[in-house]
Protein chains: 4
Amino acid sequence: MLRVARQVFSERGYHSASISDIIAAAGIARGTFYLYFVNKRAIFDELLDELLQQLNRSVVRIQVADGAPSPIEQMRGNVHRVFEVLDENRDLTKILLREAVGLDATFDEKLGAFYDNLIARIQGGLDLGQQLGLVRPCDSRVAARCVLGGVKEVVYQALVAGGLGVVSRESLVNEVVDFNLRGLFR
Amino acid sequence: MLRVARQVFSERGYHSASISDIIAAAGIARGTFYLYFVNKRAIFDELLDELLQQLNRSVVRIQVADGAPSPIEQMRGNVHRVFEVLDENRDLTKILLREAVGLDATFDEKLGAFYDNLIARIQGGLDLGQQLGLVRPCDSRVAARCVLGGVKEVVYQALVAGGLGVVSRESLVNEVVDFNLRGLFR
Amino acid sequence: MLRVARQVFSERGYHSASISDIIAAAGIARGTFYLYFVNKRAIFDELLDELLQQLNRSVVRIQVADGAPSPIEQMRGNVHRVFEVLDENRDLTKILLREAVGLDATFDEKLGAFYDNLIARIQGGLDLGQQLGLVRPCDSRVAARCVLGGVKEVVYQALVAGGLGVVSRESLVNEVVDFNLRGLFR
Amino acid sequence: MLRVARQVFSERGYHSASISDIIAAAGIARGTFYLYFVNKRAIFDELLDELLQQLNRSVVRIQVADGAPSPIEQMRGNVHRVFEVLDENRDLTKILLREAVGLDATFDEKLGAFYDNLIARIQGGLDLGQQLGLVRPCDSRVAARCVLGGVKEVVYQALVAGGLGVVSRESLVNEVVDFNLRGLFR
DNA sequence: TATGAATGAGCGTTCATTCAT
DNA sequence: CATGAATGAACGCTCATTCAT
């Protein structure tokens, strides 16, 4: 049921997807739907929460302990895991990046909180990098948003819009990480 | 009428904003609305087209002619003008980045075409930069998306979500351009 | 529209009467209904309010000024006018005495307030009568409820249930007034 | 099960009370409910029948045999027993006087038959009283309805609405009987 | 006897759109 | 040009009832 709803929302969008669409696709009766979800929003929330939690788990704080991989490798790992999670859930990725934005105030808050939390962790990594002399002096809030925005845009193109052709996940991750680390300059 | 619709869409979102809201705010009758716009989507389209055209005009191809400003200055100029246009049209910016995404297939196509065109120009600039030895070797398609995504994210935070506090447009532009040029590395 | 709704509610009862029933009987479209009434309850309220106000106007305080008719004549006049109003609005009478009770908390309160106000006026008359030595010593609260209850029951039987056969309004009023004044005793 | 249904119907009203409410309060499964009652109406019917039968038993025909108590005492006894039964079943009283009215045609008929039967007995008593010269000449159909209506109204106020404050059952019965016998006149 | 997941007819309500004036 | 009353398809949701286990 979550599986078919994910597909329906992904194909038609939140507003265009009706309960009728979902139950027709699921092959169940109207009442059955409301047996498992209190309303239309509830199933959408559950769908997104699933992805948001996976994403939260896939981004881990940079460690500087002895024997830990280099911060760069850790960053690459984070980006890689995010790409991986999203690649394995393309329907949900589409929903997250297209339908979830501007749904309503309540949902906006949830989504905002998720992104703010993500930003806080990215920014924390940048601040740490600055202390260690790895990251150049800059406004880490802005830089963190640049990183996030770039990842979102690339992910959307690569996994949803198909605008980046067929690129291996590996090389995509490397390109994104390199861009964020080194910028455009030779 | 476009003016009040812009405000209504910005405040309530596309789906929550009803024709009633718009005509009430505009102080006109129901029928009058349909005299000027064939339907709800039409006025939304017109609104967005306005912004999209302004944005298209504000991004100009990098010139390498003698006496032209340095490519970096030209890029900075592009980013600056984009920020300027969006800052002066915060309502439309909110609509573009929140309501316009995932509206329906037709609108998606239009938006996709706009962004693709933008990407093509950015990418063209990067390819040129690579030929000139200014830009390091990289997948310019991915890099262009990173630039675009970062700008969108920063603009949204700065102008709509208010998540970046009060930063001067100048320093914001500089931070973004620096990030794109130099990346995070010291 | 109020006219057909009155008939529909009277025939089918509040819960069984659907909006579809009303608009079908009125020969209008669904949306048209909501153009004039915010919801189903609103039209029901308006219907009842109409009757309640008429009833309130038909019951006037007993006057003891010089030249005023005797208190008994005034009481008879009140009962007469109440019968008259209800007789001329049999549909609404049925709705008042059958559908309006136990609808919901809000409506109960409104109805309770109406009856309490009525009781207060009846009781006021009784208290005045006791002071004048016309009414025997008794608990006027209970007596007032007896009067009200008797009138409601007789009205319902005579006008709605048809359980009292064909009796002229005049004789019915006289019977009720006599009962209330003299009781059953010879 | 009947016990909890009585409470649920009394608290929420027939239409607002759902099968879910009843089975939750009874701690049984959905199917079990339909094992004992064919539908929602059936349990409501059974509930009311319980009270209706009790009431029928508590009202006895006036006896004029030698050694029988005076007709007045017998009438007082009837009123007393009715008050007693209703007082001991306030939940059912509320249901009878609020929810049972205007439910549907079938139920109306049953309730009408009950009241008609009651009226017939009251009227029979009055007719007898008239033959004995105890009751003044009057339309006994109307007078009987006055008696019934008064009792219903007073009972409702005293036991359900709480609008008569705290009055002993004894004095309430006396007030009602006195009113019916002697009317309002001094 | 008891269960509870599943059902689906039917409800009240919304709102973009039309068109006679 | 402008009006606004009228429209009706479509929606999300409820809940009494069924039936395989």
Side-chain angles (χ1 to χ4, degrees), chain A residues 1 5 12 14-24 26-44 104, chain B residues 1 5 8 12 14-24 26-44 104, chain C residues 1 5 8 12-24 26-44 104, chain D residues 1 5 8 12 14-24 26-44 104:
Chain A
M1 193 149 159
R12 309 182 55 89
Y14 180 79
H15 285 103
S16 294
S18 69
I19 299 292
S20 297
D21 291 333
I22 296 173
I23 62 177
I28 58 168
R30 217 167 193 72
T32 312
F33 175 89
Y34 287 93
L35 219 52
Y36 295 98
F37 303 97
V38 292
N39 54 32
K40 187 182 170 184
R41 266 293 300 280
I43 193 171
F44 187 81
D104 66 26
Chain B
M1 193 147 156
V8 170
R12 310 181 54 89
Y14 180 79
H15 286 102
S16 293
S18 66
I19 301 292
S20 297
D21 291 331
I22 295 172
I23 63 176
I28 58 167
R30 217 165 194 73
T32 314
F33 176 90
Y34 285 92
L35 227 49
Y36 295 95
F37 303 97
V38 293
N39 55 30
K40 188 182 173 184
R41 267 288 306 279
I43 193 171
F44 188 81
D104 65 26
Chain C
M1 194 149 159
V8 170
R12 311 183 52 90
Y14 179 79
H15 285 102
S16 294
S18 69
I19 300 291
S20 296
D21 291 333
I22 296 173
I23 63 175
I28 58 169
R30 217 166 193 71
T32 312
F33 175 89
Y34 286 94
L35 219 51
Y36 296 98
F37 304 96
V38 293
N39 53 32
K40 187 181 170 183
R41 266 293 300 279
I43 193 171
F44 187 81
D104 67 26
Chain D
M1 194 147 156
V8 170
R12 310 182 55 88
Y14 179 78
H15 286 102
S16 293
S18 65
I19 301 291
S20 295
D21 291 331
I22 295 172
I23 62 176
I28 58 167
R30 218 167 194 73
T32 312
F33 176 90
Y34 285 92
L35 228 48
Y36 294 98
F37 303 97
V38 293
N39 56 30
K40 188 182 173 182
R41 267 289 306 279
I43 192 170
F44 188 80
D104 65 26

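Everything numeric in this text was worked out from a predicted model, so none of it was measured. A, B, ... follow the sequence lines: proteins, then strands. Residue 1 opens every chain.
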Just how far, in rounded Å, is [atom2] of [N] from [atom1] of [X]?
X     : N      : atom1 : atom2 : answer
D:F33 : E:dT1  : CZ    : P     : 17 Å
C:R41 : E:dT13 : CZ    : C1'   : 16 Å
D:L35 : F:dT21 : CG    : P     : 18 Å
B:I23 : E:dT18 : CD1   : P     : 15 Å
A:F37 : E:dA5  : CZ    : P     : 14 Å
D:F44 : F:dA16 : CZ    : C1'   : 16 Å
C:I22 : E:dT13 : CD1   : P     : 10 Å

Do you know which two heavy atoms are closest between [X] and [Y], and how far apart they sit?
X     : Y     : answer
D:I43 : D:M1  : CD1-O, 4.3 Å
D:I23 : D:A29 : CG2-O, 4.1 Å
D:I19 : D:Y34 : CG1-OH, 3.8 Å
B:A42 : B:V38 : CB-CG2, 3.7 Å
A:A5  : A:I22 : CB-CG2, 4.2 Å
B:S20 : B:R30 : OG-NH2, 3.0 Å

Worksheet item: Would A:K40 count as a cation-pi partner of A:Y14, with NZ or CZ less than 6.0 Å from the six-membered ring centre and within 45° of the ring normal?
Response: yes
Worksheet item: Which part of the nucleic acid, if any, lies within reach of B:Y36 when heavy atoms closer than 4.0 Å are counted: base, sugar-phosphate only, or nothing?
Response: sugar-phosphate
Item to complete: Fit a plane to each ring of A:H15 and B:H15, take the angle between them on a 0 to 90° scale, and name the class: parallel (under 30°), tilted (30 to 60°) or perpendicular (over 60°).
Response: parallel
Worksheet item: Once you round to the nearest 0.5 Å, how far does CZ of B:F44 lie from CZ of B:R41?
Response: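 CZ of B:R41 is found 8.0 Å from CZ of B:F44.
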Worksheet item: Dot-bracket, DNA chain F: Watson-Crick or G-U, under 3.5 angstrom, [ ] crossing, | other strand?
Response: .||||||||||||||||||||
Quick one: which protein N/O atoms are closer than 3.5 Å to N/O atoms of nucleotides 14-16 of chain E? Pair and distance per line, please.
unit_1	atom_1	unit_2	atom_2	d
E:dA16	OP1	B:K40	NZ	3.4
E:dA16	OP2	B:I19	N	2.8

